[in-house]
Every structure is written in C-alpha cells, then in structure tokens.
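Have a look at the structure below before the remarks.
Since the model is a prediction, treat every value here as computed from it, not as a measurement. We name chains A, B, ... by the order of the sequence lines, and we start the count at 1 in each one.
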2 protein chains.
Amino acid sequence: MNFNMKEAIEVLERTPQTLEYFLTGLSDGWLQCKEGEGTWNVSEVIEHLIEAEKTNWIPRLEFIIQEGESKPFPSFDRYSHLNEKAESSIERKLLAFKTIRALNVTKVKELIVPELHLELTGSHPAFGVVKLRELLSTWVVHDLTHTAQIVRVMAERYRADVGPWQEYLGILKKK
Amino acid sequence: MNFNMKEAIEVLERTPQTLEYFLTGLSDGWLQCKEGEGTWNVSEVIEHLIEAEKTNWIPRLEFIIQEGESKPFPSFDRYSHLNEKAESSIERKLLAFKTIRALNVTKVKELIVPELHLELTGSHPAFGVVKLRELLSTWVVHDLTHTAQIVRVMAERYRADVGPWQEYLGILKKK
C-alpha cells in the first residue's frame with residue numbers, strides 16, 4: 001500500500017489550481033475540441049470534476065463513516081453534468097472547482113482521523129465491500145485520470161499536424 | 001490542419017508554470033515513483049523537457065530555416081539527460097525549464113513569420129522531408145505527452161490502492 005493521507009491531500013490540493021493555470025485564457029479551439037462523438041471536451045471534464053465534488057467523494061466518505069456496510073451507497077451518475085448545460089465560461093467553472101475542492105479538502109481533514117477511519121468499509125452498489133482508504137485513493141487517481149484526459153483531448157487536435165512525428169508521441173498511440 | 005502559431009504558443013507558454021504549480025512541494029514518494037524498470041520518474045521527465053529545449057526545438061527550427069532540405073538535421077538523443085545525473089531539486093529543475101522555455105518562446109516569435117516559414121521543409125534523419133509547422137506542432141504535443149506521462153506515473157503508484165475502482169479509472173488501463 002502506498003496511500004497515505006498527507007500525500008493524497010498534496011495532489012487533491014494542487015489539481016484545481018494546476019488546471020486553472022493551464023486552461024485559463026486558452027483559445028476556444030483547445031477548449032472545444034473532442035476526441036470524437038460522445039467524448040468530452042475540456043470544459044465538460046471540468047464540469048464532471050465539479051459534479052464529483054458535490055455528489056461523490058464527500059457524501060460517500062460520510063456514508064461509510066455513518067452506515068458502514070449496512071446499506072450500499074447511492075450510485076454516482078458519471079454523466080449527470082451533461083444534462084445541465086452550464087453556459088458559464090471556463091474561468092467560472094475553474095473557480096467553482098477550486099472553491100468546492102478547497103472546502104472538501106478542509107472537510108476531509110476534519111472528518112478523517114487516519115488511525116480510526118482508513119480501514120472502515122462501505123458497500124459499493126456495483127463492487128460490494130470497499131475500504132474508505134480505497135475511496136480516498138480513487139479520488140486522487142480520478143484527478144490524475146481527468147488531467148491526463150484533458151491533455152490527451154488537446155493532443156488529439158494536432159494528430160495530423162505533427163506529420164511523421166506521430167510515431168514518437170505516445171499520447172497519440174492510445175487508440 | 002488545426003495548427004496555428006498563436007494557439008501553439010498558448011500551450012508552450014503554459015506548460016512550465018503548470019508543471020511547476022503541480023509538482024512543487026510534492027513528497028518524494030510522488031517525485032521518485034516509476035512505472036517500472038527503465039521508465040522515468042517525474043524528475044527525469046523534467047530533465048528531458050529541459051534537454052529538448054536546449055538541443056531539439058530551436059536548433060532544428062533554425063536548421064530548417066538555414067539549410068532547408070540540403071542536409072538532415074542532427075538527430076536528437078532522447079535519453080541524453082539520463083547520462084548527466086543532475087542532483088538538483090525538482091524546484092531548480094522546474095525553474096530551469098521555465099527560464100529556458102520563456103527564452104525559446106521569445107526566440108520563436110522573433111524567428112518565425114508564419115506567412116513565410118510554416119511551409120518550409122527540412123530533412124529529418126529518420127523520417128525524411130518534414131515541414132517546419134510539423135516540428136512546431138510536435139513541440140506542443142511533446143509537452144502534452146510528457147504532462148500525461150507525469151500524471152500517469154503518479155497514478156500508477158496507487159494502482160493497488162484504489163481497489164476495485166481500478167476498473168473505472170482509464171489512466172490505469174493503458175497497459
């Protein structure tokens with residue numbers, strides 16, 4: 001096991017501002033491009049991250065602490081952000097993500113006493129028994145997977161433009 | 001073709017500070033982890049990015065402008081940074097990257113007149129004829145591929161820790 005609270009929080013604290021720095025002021029070409037039909041653009045990835053802050057991580061952590069394995073936690077709709085088409089700018093979305101993440105990190109620090117809580121178990125609707133520390137680890141890797149997605153979506157835009165160098169660029173090979 | 005100079009420079013200008021914000025102050029666990037034998041840790045990726053700023057992008061752009069296709073440009077050793085084990089901190093490496101990138105972006109803006117230079121051709125030692133705009137596009141996607149690599153290497157560290165959620169996390173599937 002590599003997980004520890006301090007290191008996990010290091011990543012959770014950095015993701016929103018990292019994305020804010022990278023994405024603020026980018027041209028629409030970068031923000032609107034997709035990998036194809038049914039995939040998300042950069043802006044939709046940020047909406048998804050906000051949605052998960054609202055309805056996934058903290059509610060599930062609280063649910064495990066309160067209910068244990070007694071009942072499965074409500075499932076999380078990974079596509080719900082696509083239903084409410086927020087027309088706000090990327091800057092407002094990044095600010096919303098940064099704000100709710102800061103609140104949630106504070107909440108986690110108050111809520112979780114590593115010595116007491118990390119091995120607590122809950123009941124995932126699809127997976128069955130899961131540990132609280134697995135949920136925390138997943139939160140971290142979820143940040144990383146969507147950061148990777150953002151740069152991959154952007155790279156895809158230049159797939160043809162790089163010409164023969166495509167062969168050397170790993171990010172364009174993942175298809 | 002999606003490439004244009006202004007949008008390409010938007011990414012080139014943002015990468016160093018984005019990585020600086022994300023990586024500064026991270027625990028050694030994150031900075032030293034690898035995907036396995038023969039792979040790079042986060043710190044080695046930054047060394048590679050610095051090396052490419054010194055010996056790849058600008059020298060090759062200048063070479064194309066000066067020599068055209070008359071002789072192939074010197075090949076770039078993608079592993080040369082591994083020979084000189086710089087023992088400096090990640091913060092110093094990130095500062096070095098930010099500094100040389102800022103110089104190089106300035107140089108590109110001075111050097112390249114899009115209307116005149118984008119379609120110029122050079123001779124790549126392995127690929128044969130390449131266009132200057134393909135080299136510029138590759139510079140951008142090279143930033144994106146190594147940013148993706150950094151977060152993928154970090155995610156790998158928690159592969160076992162996420163438990164059954166591994167199934168939902170795309171970044172852990174790319175093996």
Heavy-atom closest pair (A/Asn41 atom, A/Cys33 atom, distance to 0.1 Å) is CB-O, 3.3 Å
Counting only non-hydrogen atoms closer than 4.5 Å, does A/Val141 touch chain B with its backbone (N, CA, C, O), its side chain (CB onward), both, or neither?
both
Spell out the residues in residues 109-124 of chain A that have some non-hydrogen atom less than 4.5 Å away from a non-hydrogen atom of chain B, in order of number; otherwise answer 'none'.
A/His124
I'd like to know which of B/Thr138, B/Val151, B/Thr24 tops the heavy-atom pair count under 4.5 Å against chain A.
B/Thr138
Run the salt-bridge test on B/Lys6 and B/Glu10 with the 4.0 Å N-O cut-off and return the result as yes or no.
yes
Of all the heavy-atom pairs spanning A/Asn104 and A/Glu53, show the shortest one and how long it is.
ND2-OE1, 2.8 Å
Under 4.5 Å from any heavy atom of chain B, what part of A/Leu135 do you find: side chain, backbone, both or neither?
both
So which heavy atom on A/Lys173 is nearest to which on A/Glu167, and how close?
NZ-O, 2.6 Å
Under 3.5 Å, is there a donor on one side chain and an acceptor on the other for B/Asp161 and A/Ser137?
no
Part of B/Ala155 within contact of chain A (heavy atom distance under 4.5 Å):
both
Below 4.5 Å from any heavy atom of chain A, which atoms of B/Asp143 appear? Answer side chain, backbone, both or neither.
neither
Over 12 non-hydrogen atoms of neighbours within 6.0 angstrom of NZ in A/Lys34:
yes
Ranking A/Leu23, A/Val130, A/Thr147 by heavy-atom pairs under 4.5 Å to chain B gives rank one to A/Val130
ring-ring contact (aromatic ring centres under 6.0 Å, His included) partners of B/Tyr158, counting only residues at least two apart:
A/Phe3, B/Trp30
Examine A/Leu26 and B/Met5 and state if one hydrophobic cluster contains both, with Ile, Leu, Val, Met, Phe, Trp and Tyr joined whenever side-chain heavy atoms are less than 4.5 Å apart.
yes
So which atom in A/Gln166 and which in A/Arg159 form the shortest heavy-atom distance, rounded to 0.1 Å?
NE2-NH1, 3.2 Å
Using non-hydrogen atoms only, which part of B/Ile150 is less than 4.5 Å away from chain A: side chain, backbone, both, or neither?
neither
Checked A/Ala160, A/Gly25, A/Gly29, A/Ala8 vs chain B; the most non-hydrogen pairs under 4.5 Å come from A/Gly25
Can you label the angle between the B/Phe63 ring and the B/Phe73 ring as parallel, tilted or perpendicular, going by 30° and 60°?
perpendicular
Structural part of A/Ala126 lying under 4.5 Å from a heavy atom of chain B:
side chain
Contact winner vs chain A - B/Glu13, B/Met1, B/Met154, B/Glu7, heavy-atom pairs under 4.5 Å
B/Glu7
Residue pair A/His146 / A/Gln149, side-chain donor-acceptor N/O under 3.5 Å
yes
Counting heavy-atom pairs closer than 4.5 Å to chain B, which one of A/Arg133, A/Glu134, A/Lys131 comes out on top?
A/Glu134
